[in-house]
Amino acid sequence: MRQFILRAVNLALILAIGVCYQQRALPRAAEVEEYNQQVAEAEALAEEYAAMEAAALNQAAEDEAESGYQDGTYTGAGTGFGGEITLSVTIENGEITGVELVSAPGEDSSYLSQAETLLDDIVNAQSADLDTVSGATFSSTGILEAAQNALEEASQ
């Protein structure tokens with residue numbers, strides 16, 4: 001009889017633990033499901049934003065291509081972290097074919113080397129309307145400003 005009572009008490013404890021677990025687990029599962037929905041919505045918004053940004057970049061490139069850059073090599077200057085940055089932009093058949101750094105005497109070499117990735121990006125995007133490089137904001141702003149100034153000269 002004593003074993004029966006012990007087993008019954010153990011069974012009751014196990015059932016009580018199971019009921020408590022269910023009471024805790026169900027609200028938590030609802031929280032997890034809500035979180036997953038929020039993550040999915042955020043990812044969808046990020047994809048939508050990326051698509052809109054890509055469309056805007058393509059439109060900007062098309063607009064600049066339609067504006068008809070005159071063939072030649074143009075020089076532009078912009079203000080970077082350490083002073084003036086000068087670029088040379090080459091236009092062939094109305095398209096940007098090359099961007100070269102002419103001078104940046106006051107720039108810190110580590111910042112400038114990070115920002116120089118924009119030179120190829122300008123050619124690829126056919127535009128100087130790009131985001132700055134994180135960690136080299138001032139140097140990349142100078143490069144983009146110099147490229148924009150050269151492209152303005154090319155469109156006259």
With a 4.5 Å heavy-atom cut-off, do Ile91 and Tyr74 have their side chains touching? yes
With a cut-off of 6.0 Å (strictly less than), are more than 12 heavy atoms of other residues, nucleotides or ligands near CD of Gln3? no
Over 12 foreign heavy atoms within 6.0 Å of CG, Asn36: yes
Neighbour count >12 (heavy atoms, 6.0 Å) for atom CZ, Phe81: no
Can you find a pair of side-chain heavy atoms, one from Val123 and one from Thr97, that are under 4.5 Å apart? no
Any heavy-atom pair between the side chains of Leu101 and Leu112 that's under 4.5 Å? yes
Distance col, row Leu87:CG vs Asn149:CG, nearest 0.5 angstrom, shows 9.5 Å
Test item: Glu145 side-chain N/O and Thr79 main-chain N/O as donor-acceptor pair under 3.5 Å: yes
ILVMFWY cluster membership beyond Ile17 - transitive side-chain contacts under 4.5 angstrom: none
So does Glu100 have more than 12 non-hydrogen atoms from other groups sitting under 6.0 Å from CD? no
Pairwise side-chain contact, Asp71 with Asn93, heavy-atom cut-off 4.5 Å (strictly under): yes
Please examine the side chains of Leu144 and Asp129, heavy atoms only from C-beta on, and report whether any two atoms are closer than 4.5 Å. no
